[in-house]
Amino acid sequence: MTELLRIEGVTKAYPGVVANSDVSFSIREGEVHALLGENGAGKSTLVKMIYGLVRPDEGRMRLRGQDYAPREPREARAAGVAMVFQHFSLFEAMNVAENVALGMENPPKLRDLAARIRQVSEEYGLPLDPDRMVGDLSAGERQRVEIVRCLLQDPKLLIMDEPTSVLTPQEVEILFQTLRQLSAEGTAILYISHKLEEIRALCDEATILRRGKVVATCTPRERSAREMAELMVGAVLTPPERHATPKGEVALEVAGLSVASPIPFGTALKDISFKVRRGEVLGIAGVAGNGQDELLIALSGELRAARDAVLIEGSGVGDLGPNERRLRGLVAAPEERLGHAAAPDMSLVENALLSGVVRKRLTWRGFIDWAGTRAFASEIVERFDVRTPGTWVAARALSGGNLQKFVVGRELSQEPSVIVINQPTWGVDASAAAAIRQAILDRAAAGAAVVVISQDLDELLEIADRFAALNEGRLSAPRPTQGLTIDEIGLMMGGAHGMEVAHHAHG
Amino acid sequence: MDLLGGINPAVLVASLMMASVPIILAAIGELVVEKSGVLNLGVEGMMIIGAICGFAVAVETGSPLLGFVGGALGGAALSLIFALLTQVLMANQVATGLALTLFGLGLSSLLGQSYVGVKPPPTGRLDLGPLSDIPGLGTMLFRHDAMVYLSIAAVAAVWFVLRHTRTGLVLRAVGENHEAAHALGYHVVRIRVLAILFGGAMAGLGGAYLSLIRVPQWTDGITAGAGWIALAIVVFASWRPWRVLLGAYLFGGITVLQLNLQAAGARIPVQYLSMSPYLITILVLVIMSADRRRSTAAPASLGKTFHASR
């Protein structure tokens, strides 16, 4: 097959970091090409250059033999390049048709567009109602909106940035069917991911990036996932150590917790019940937007409920705020590091104070014990290997992985009896992720009850003793992690959300 | 009709339509600005700059039409400062807007020193021929100056553009999620600057109406809080153009009514009458927006600073 896109020696530097350095590779028509690498390896910058959002400092790109240097996404779209974003580029308060129209160069009238959306979405097994408000759609459905938006423009190259991070395993399978159909029709797909099994199942060729450089190219079907992982990380990874510890008495109990969501377009929690014993890790899976954020804030105390809906060591705390719950031994680390877990423009010392003040007794009669706070912050930095010039730097200045180590470390260092963490290793590189998981397991071994909410199934299978899934605000009954299959997990997460029907009708 | 104390309802409607024009113009301009995701609290300042610029131009040239053009330009020029500070230099929108109001009030006072006591050239009524001779209805609806109709047309135009055109769609998209709009290749800053300029021009036009027709003369602080009312109306109207018109007429109507009641010597203390337009307008709009559906709530990026990062 003929070559579609060739990248030659592309380099892009930002102040302080080289995002891409002399990157070259090529894609043929109809090829599914994987771009593989850890967070921060430069994958996103590279595709943004192909899509015209960022301009390379050096190097050139050729599309079908012609020089290709899009100055803005409009030009890329005109040349037949479409992109599905990792964090969707959707507008929640608008309907599907309006969202699609915004991503097109010359959209037809909304009425005609709605008809075309129906037609194309049926054709590719991605049913969509053009009149629905995007804010009311599930993550999988939102992705369909993005894909249909691309398909309507008849792309020659479709870029997909981490498309499966928000899908259940069943939805992933349906997405792959759609992508294979597109590829058979001659559309090239540039597929970005760090999930190796998916890449082995789907992709024809792979380019592996590490720290902005191409370190290898390979044919994924001929390599094992482990080989590719080591190419990607550049080191041999050791899985976290686990000690089989006897489980103690119940430290956290949630009984019939139902609360409305305070977040716009959020998901209400419906009748959630579970128990976690001392020394135990409960893993809660689920596709983004199924109540994870709400569950975290309901447990941390930011969102209050009935007194007996949440119990710490047998006493009701459902109507108490975060500091009162901290006093009783519950600490929480939310998903969003900047602005929720940490105040971005405050120093690490101040951030350590904000959460640690109650349990570490960092105030005396209303006055702050700065010496004690500084010591607390330095202790976190040291014990959790946070790479920072000092504890006086603003939280914003730390890289994602380092800040995550800091905020998780801050909570774990307060000798808690109950720990609740949402997405502990989101956007964190592999070695930092391993360190965080180890720290969580160590804390559990020391007798804390741990709830880990995560969208990373591999992570949950690695650290959780028991496993449950959130689906539309409801929690499945927890089951022991050992012996669970991916299929069973997928069903607990809500299966394919009604998508399989359409594909059967089509195929 | 004892309460109305012999007030002619036709005249009342006619005068409320006039009284509401400055607020309608300023509010519909601010609605567009806020729909694009920018909170400009400088409406009062832009209005009063529009009032003095319009007044000065009309007096110097003798043409009320040029006066209105001058008012719009004056308001837009002031809003350009806001656009520069918030969109290019990324200053905080709330603080910049408040500063804009204070600056506008001071500057207008300076500019207006030599215009105190001067009479502006009169603006004629729009001649609508036989329509204005209809008894009752003619007095109510068809004996106004062109600006009254223009203000209604502006509301209709803004509604149409926001709802039915691509320009409106892109504007709403920028206000809804500026990151996503940027990722799709829309020029967030450019669109917002244009929206801010439109808002400034409309506020300036509203101010010029005050000094050229409604009062008509120049006095310091002539806007007397009309810009703040316009801001409040936009919020309580849930960012919907026709509700802005309704809110402005409600406010204008109660203002006119309470003035008439004061003149008629009603036995309610004057202070209560004076505060009634503010209270009742906000109360009604709060009740109306209480059951707001999600799609009518504030633009999600309202007041947030946009920075095109990597």
Side-chain angles (χ1 to χ4, degrees), chain A residues 12-15 17 19-20 42 44-45 47-49 51-55 70-78 82-95 97-111 113 132-136 142 146 149-150 161 264-266, chain B residues 31 34-37 90-92 95 159-192 235 237-241 289 291-310:
Chain A
K12 175 77 195 176
Y14 290 109
V17 269
N20 287 132
S44 289
T45 306
V47 292
K48 280 181 183 170
M49 286 192 272
Y51 194 60
L53 276 168
V54 172
R55 299 175 74 178
R71 275 165 301 176
E72 50 180 14
R74 215 171 288 262
E75 285 180 27
R77 288 199 288 259
M83 178 157 167
V84 173
F85 292 87
Q86 178 183 11
H87 304 291
F88 301 136
S89 57
L90 295 178
F91 306 90
E92 293 195 330
M94 297 188 178
N95 68 29
E98 287 175 324
N99 268 282
V100 170
L102 280 165
M104 296 176 72
E105 276 323 296
N106 296 301
K109 281 220 157 81
L110 277 183
R111 214 168 296 129
L113 184 63
R132 281 187 67 192
M133 209 56 92
V134 165
D136 296 330
R142 289 180 194 208
E146 288 255 1
R149 173 153 81 187
C150 292
D161 194 354
F265 296 107
Chain B
L31 182 136
E34 293 192 12
K35 272 286 184 189
S36 81
M90 294 183 204
N92 177 290
W159 168 79
F160 182 83
V161 168
L162 284 179
R163 175 110 184 218
H164 291 291
T165 68
R166 183 155 177 86
T167 315
L169 184 64
V170 172
L171 185 92
R172 283 189 288 138
V174 166
E176 194 54 47
N177 183 346
H178 50 214
E179 305 285 351
H182 173 71
L184 291 174
Y186 294 107
H187 301 282
V188 174
V189 170
R190 188 189 301 168
I191 290 163
R192 287 189 170 164
V235 176
S238 310
W239 292 270
R240 290 173 163 191
S289 58
D291 71 331
R292 70 169 71 147
R293 300 208 318 271
R294 285 185 295 191
S295 59
T296 63
S301 293
L302 184 61
K304 290 185 190 157
T305 301
F306 173 71
H307 176 66
S309 61
R310 343 175 151 169

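The figures that follow rest on heavy atoms only: side chains count, while hydrogens, waters and symmetry mates do not. In this text, all values refer to a predicted model and were calculated from it rather than measured experimentally. Order of the sequence lines fixes the chain letters, A, B, ..., with proteins taken first and strands second; residue numbering starts at 1 for each chain.
- Contacts between residues 163-175 of chain B and chain A, counted as heavy-atom pairs separated by less than 4.5 Å, involve B:Arg166, B:Leu169, B:Val170, B:Arg172, B:Ala173.
- Counting heavy-atom pairs closer than 4.5 Å to chain B, the top-ranked of the candidates A:Pro107, A:Gly52, A:Gly103 is A:Pro107.
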A:Leu90/A:Phe85 under side chain to side chain contact (heavy atoms under 4.5 Å, CB included): CA gap, chis, key distance, verdict: CA-CA 9 Å; A:Leu90 295 178; A:Phe85 292 87; over 6 Å; no
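- In this structure, A:Arg111 has no side chain to side chain donor-acceptor pair (under 3.5 Å) partners at least two apart in sequence or on a different chain.
- Both the backbone and the side chain of A:Glu98 come within less than 4.5 Å of a heavy atom in chain B.
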Start with the C-alpha gap between B:Met90 and B:Phe306, add the side-chain angles, then the distance that decides, and say whether side chain to side chain contact (heavy atoms under 4.5 Å, CB included) holds. CA-CA 8 Å; B:Met90 294 183 204; B:Phe306 173 71; over 6 Å; no
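- Here the side chain of A:Arg149 pairs no donor or acceptor atom with the backbone of A:Met104 at under 3.5 angstrom.
- Distance alone, capped at 3.5 Å, places no donor-acceptor pair between the A:Arg55 side chain and the A:Met49 backbone.
- At a 4.5 Å heavy-atom cutoff, B:His178 makes no contact with chain A through either its backbone or its side chain.
- There is no contact between A:Ala76 and chain B, counting heavy-atom distances below 4.5 Å.
- Within the 4.5 angstrom heavy-atom criterion, atoms from both the backbone and the side chain of A:Leu102 approach chain B.
- At most 12 non-hydrogen atoms from other residues, nucleotides or ligands lie less than 6.0 angstrom from CZ of B:Arg190.
- Residue B:Ala300: no heavy atom, backbone or side chain, is found under 4.5 Å from chain A.
- Remark: the backbone N or O of A:Phe91 is paired with a side-chain donor or acceptor of A:Asn99 at under 3.5 angstrom.
- Applying the side-chain contact (heavy atoms from CB on, under 4.5 Å) criterion to A:Ala13, with sequence neighbours excluded, gives A:Val18, A:Asp57.
- Evaluation of the salt bridge (charged side-chain N to carboxylate O under 4.0 Å, His left out) rule for A:Glu92 yields A:Arg142 as partners, not counting sequence neighbours.
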